[in-house]
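Worth saying up front: this structure is predicted, and the values here are computed from it rather than measured. Side chains are part of it too, since the values below use all heavy atoms of this structure and drop only hydrogens, waters and symmetry mates.
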Amino acid sequence: MAYDADVIVIGAGLAGLAATAELVDAGRRVILVDQEPEQSLGGQAHWSFGGLFFVDSPEQRRLRIKDSHALALQDWMGTAAFDRPEDHWPRKWAEAYVDFAAGEKRSWLHGQGVRFFPVVGWAERGGYDAQGHGNSVPRFHITWGTGPGLLAPFVRRVREGVARGLVQLKFRHRVSGLGRSAGTVDTVTGEVLEPSSVERGKASGREVTGSFEFRAQAVIVTSGGIGGNHDLVRANWPQRLGSPPEKMISGVPAHVDGRMLGIAEGAGARLINRDRMWHYTEGIENWHPIWDKHGIRILPGPSSLWLDARGDRLPVPLFPGFDTLGTLEHIMGTGYDYTWFVLNQRIIGKEFTLSGSEQNPDLTGKSVRGVIDRARSEVPGPVKAFMDHGVDFVVEKDLGALVRGMNALTKEPLIDEAALRRTLAARDREIANPFTKDLQVMAIRGARKFLGDRLIRTAAPHRILDPKAGPLVAVRLNILTRKTLGGLETDLSSRVLTEGGQPLEGVYAAGEAAGFGGGGVHGYRSLEGTFLGGCLFSGRAAGRAAAAAVR
């Protein structure tokens, strides 16, 4: 039986596009299948902020950030905390990825036309000792054009492959099985779904109109994770994080359902680190949703007062922007699945960045004027829209009204006005003195020593209750599902491995389906800016390895 292509790639997100682009460069024939319509080409990466992890970049050096390969590797290993036998390949992938981030990653992307915002961010600081988790220095580089800007060269390369007759794009093709011939997985079967004209991210229909069977010498699985499937998230929820939250909102569309992971496992692949996952604690319901339970993450500066459901401050060092999973673990131990930011308009105007391409039209549209206008505005337009329309926001001039608004949003009126006033007054007293025992105030002052934070990410220290900085703002924060850190175990050639540690002949995996490399390159925690880069690095590796393997 003849082959329909040299390689079949399952999943048209960033990892799948990167793999397909490499196969095209090698002159290989590819069938790229995806269950969603063509308007969703690029998958989750389209909605992303475009954040990338680089080490000792020109952008860092211009801001006098002293970074190095050794420091980045120390941070990665301290963050990952690898401690399982199955962490052998994830550890190897981590070492290779830091090499990539400190080496050719930036020049490789720059050579394809990708450019970067000049101010480097610091999204996950950790806050523990030098060998603990978190970034020691700012490494979060925002792509000029955000997610769509990062996708553009790979979409272009794949479409050039279509024009050359090397790539067939098969949208609305949902994979249901992987089959073998002579011991090698070489057959992909599934259902053809009804055509759909829904806009990107919206739920598409699931009516079946036919079936398909494609054969190739190799198959690359780049189908993503489980973040849109709350049932699967709950089933894999780690015991160390307590019970799964009663309410979750989704940072990804519903089609990020984990279906293909089960299919690959059924074909003999080893799926490892299922309990490692990355969910955000600063989620807000999108006032203008695209998909069901659509949530947006706040990328906060360090000044908001973070309170649990009862109004108590979260413990040190669980400040905004410091330790995502440490904060998640603490929250799930409180008996409630939500928390609060309490701040004022001066802080929200300076420090709130909303993650996602659609929430940053200036960066996504590559508008220099828009970026300047954002910096000059009292409150950026997308943030102001949430203040005006977001169901999680309370905006009031006085504390009593703020507390009444907070209690109106929850099942129980847990916030006590007198207690919150004491907490705020105590914090505000620390601002008046250059010396302080309040570690969050120290963190604010420390952040402003970095030029990037002082310019656009951290408000000058001031009293939250200062009427001149008002009105007051409270934001109810939800658990936002996002990334699957475990996945299909792969070697450094992206070959999928079996339970016995041998390659599953003919099968490769990349992106979130492979835990961004090896079945979990991030270990227990990730350094911010490493998800998109992990898709690129593992997708590139899979494409090159498969291209070399097929005849």
Taking atom NZ as the centre, does K293 end up with more than 12 heavy-atom neighbours from other residues, nucleotides or ligands that are less than 6.0 angstrom away?
no
Got more than 12 heavy atoms from elsewhere within 6.0 Å of NE2, H288?
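Count not over threshold, so no.
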Ignoring hydrogens and geometry, is there a side-chain-to-backbone donor-acceptor pair from [X] to [Y] under 3.5 Å?
{"X": "D323", "Y": "G126", "answer": "no"}
{"X": "T187", "Y": "R215", "answer": "no"}
{"X": "S40", "Y": "E36", "answer": "no"}
{"X": "R200", "Y": "I290", "answer": "no"}
{"X": "E213", "Y": "V188", "answer": "no"}
{"X": "Q74", "Y": "A130", "answer": "yes"}
{"X": "T20", "Y": "L17", "answer": "no"}
{"X": "N360", "Y": "D362", "answer": "no"}
{"X": "R259", "Y": "V175", "answer": "yes"}
{"X": "R180", "Y": "A267", "answer": "yes"}

Taking the side chain as C-beta and beyond, is there a heavy-atom pair between [X] and [Y] under 4.5 Å?
{"X": "Q35", "Y": "H173", "result": "no"}
{"X": "L497", "Y": "L504", "result": "no"}
{"X": "W237", "Y": "D275", "result": "no"}
{"X": "T498", "Y": "P503", "result": "no"}
{"X": "P245", "Y": "H279", "result": "no"}
{"X": "F171", "Y": "L41", "result": "yes"}
{"X": "T324", "Y": "L328", "result": "no"}
{"X": "I284", "Y": "L480", "result": "no"}

Taking it one step at a time, do E124 and N135 satisfy side-chain hydrogen bond (donor to acceptor under 3.5 Å, both in side chains)?
CA-CA 6 Å; E124 187 80 9; N135 284 296; over 6 Å; no
Lys/Arg-Asp/Glu bridge criterion (N-O < 4.0 Å) met for [X], [Y]:
{"X": "R91", "Y": "D87", "answer": "no"}
{"X": "D4", "Y": "R29", "answer": "no"}
{"X": "R61", "Y": "D67", "answer": "no"}
{"X": "E38", "Y": "R159", "answer": "yes"}
{"X": "R164", "Y": "E160", "answer": "no"}
{"X": "R276", "Y": "D83", "answer": "yes"}
{"X": "R174", "Y": "E191", "answer": "yes"}

Is the gap between the ring centers of [X] and [Y] under 6.0 Å?
{"X": "F154", "Y": "W108", "value": "yes"}
{"X": "W93", "Y": "F537", "value": "yes"}
{"X": "F214", "Y": "Y3", "value": "no"}
{"X": "W76", "Y": "F53", "value": "yes"}
{"X": "H133", "Y": "Y524", "value": "no"}

What distance do [X] atom [atom1] and [Y] atom [atom2] have between them, rounded to the nearest 0.5 Å?
{"X": "R482", "Y": "I249", "atom1": "CZ", "atom2": "CD1", "answer": "10.5 Å"}
{"X": "S357", "Y": "L363", "atom1": "OG", "atom2": "CG", "answer": "10.5 Å"}
{"X": "I272", "Y": "W89", "atom1": "CD1", "atom2": "CH2", "answer": "11.5 Å"}
{"X": "L532", "Y": "F516", "atom1": "CG", "atom2": "CZ", "answer": "8.0 Å"}
{"X": "R544", "Y": "R28", "atom1": "CZ", "atom2": "CZ", "answer": "13.5 Å"}
{"X": "Y508", "Y": "T490", "atom1": "OH", "atom2": "OG1", "answer": "11.5 Å"}

Does the salt bridge (Lys or Arg N to Asp or Glu O under 4.0 Å) test come out yes or no for R234 and E246, once each step is laid out?
CA-CA 10 Å; R234 290 189 170 94; E246 178 182 339; over 6 Å; no
Who are the side-chain hydrogen bond (donor to acceptor under 3.5 Å, both in side chains) partners of N236, not counting sequence neighbours?
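N236 satisfies side-chain hydrogen bond (donor to acceptor under 3.5 Å, both in side chains) with no other residue.
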As a quick check of understanding, evaluate salt bridge (Lys or Arg N to Asp or Glu O under 4.0 Å) for R297 and E285, giving each step before the final call.
CA-CA 9 Å; R297 185 211 176 179; E285 293 185 41; over 6 Å; no
Distance-minimising heavy-atom pair for [X] and [Y]:
{"X": "K105", "Y": "G533", "result": "NZ-CA, 4.0 Å"}
{"X": "A509", "Y": "A542", "result": "O-CB, 4.3 Å"}
{"X": "V158", "Y": "A21", "result": "CG2-N, 4.1 Å"}
{"X": "G520", "Y": "N273", "result": "CA-ND2, 4.4 Å"}
{"X": "G149", "Y": "T143", "result": "C-CG2, 4.1 Å"}
{"X": "L23", "Y": "G543", "result": "CD2-O, 3.4 Å"}

What's the verdict on side-chain hydrogen bond (donor to acceptor under 3.5 Å, both in side chains) for S250 and H294, showing C-alpha distance, side-chain angles and the deciding distance?
CA-CA 5 Å; S250 293; H294 187 179; over 6 Å; no
How far apart are the C-alpha atoms of L536 and L109, what are their side-chain angles, what is the distance that settles it, and do they pass the side-chain contact (heavy atoms from CB on, under 4.5 Å) test?
CA-CA 10 Å; L536 291 171; L109 289 170; 4.0 Å; yes
Under the criterion salt bridge (Lys or Arg N to Asp or Glu O under 4.0 Å), I'd like the reasoning laid out for K66 against D56: C-alpha separation, chi angles, the key distance, then a yes or no.
CA-CA 7 Å; K66 295 182 179 180; D56 193 26; over 6 Å; no
With salt bridge (Lys or Arg N to Asp or Glu O under 4.0 Å) as the test, would you mind laying out the steps for E59 and R115 before giving the verdict?
CA-CA 11 Å; E59 290 79 15; R115 299 294 183 265; over 6 Å; no
What verdict does the side-chain hydrogen bond (donor to acceptor under 3.5 Å, both in side chains) test give for T364 and T146, after you've listed the backbone C-alpha separation in whole Å, the side-chain angles of each residue and the deciding distance to 0.1 Å?
CA-CA 5 Å; T364 301; T146 66; 2.7 Å; yes
One pair to check against side-chain contact (heavy atoms from CB on, under 4.5 Å): T484 and M277. What are the steps and the verdict?
CA-CA 5 Å; T484 311; M277 51 185 69; 5.7 Å; no
Kindly indicate, with the supporting measurements, whether the criterion side-chain hydrogen bond (donor to acceptor under 3.5 Å, both in side chains) is fulfilled by T79 and H522.
CA-CA 8 Å; T79 300; H522 297 103; over 6 Å; no
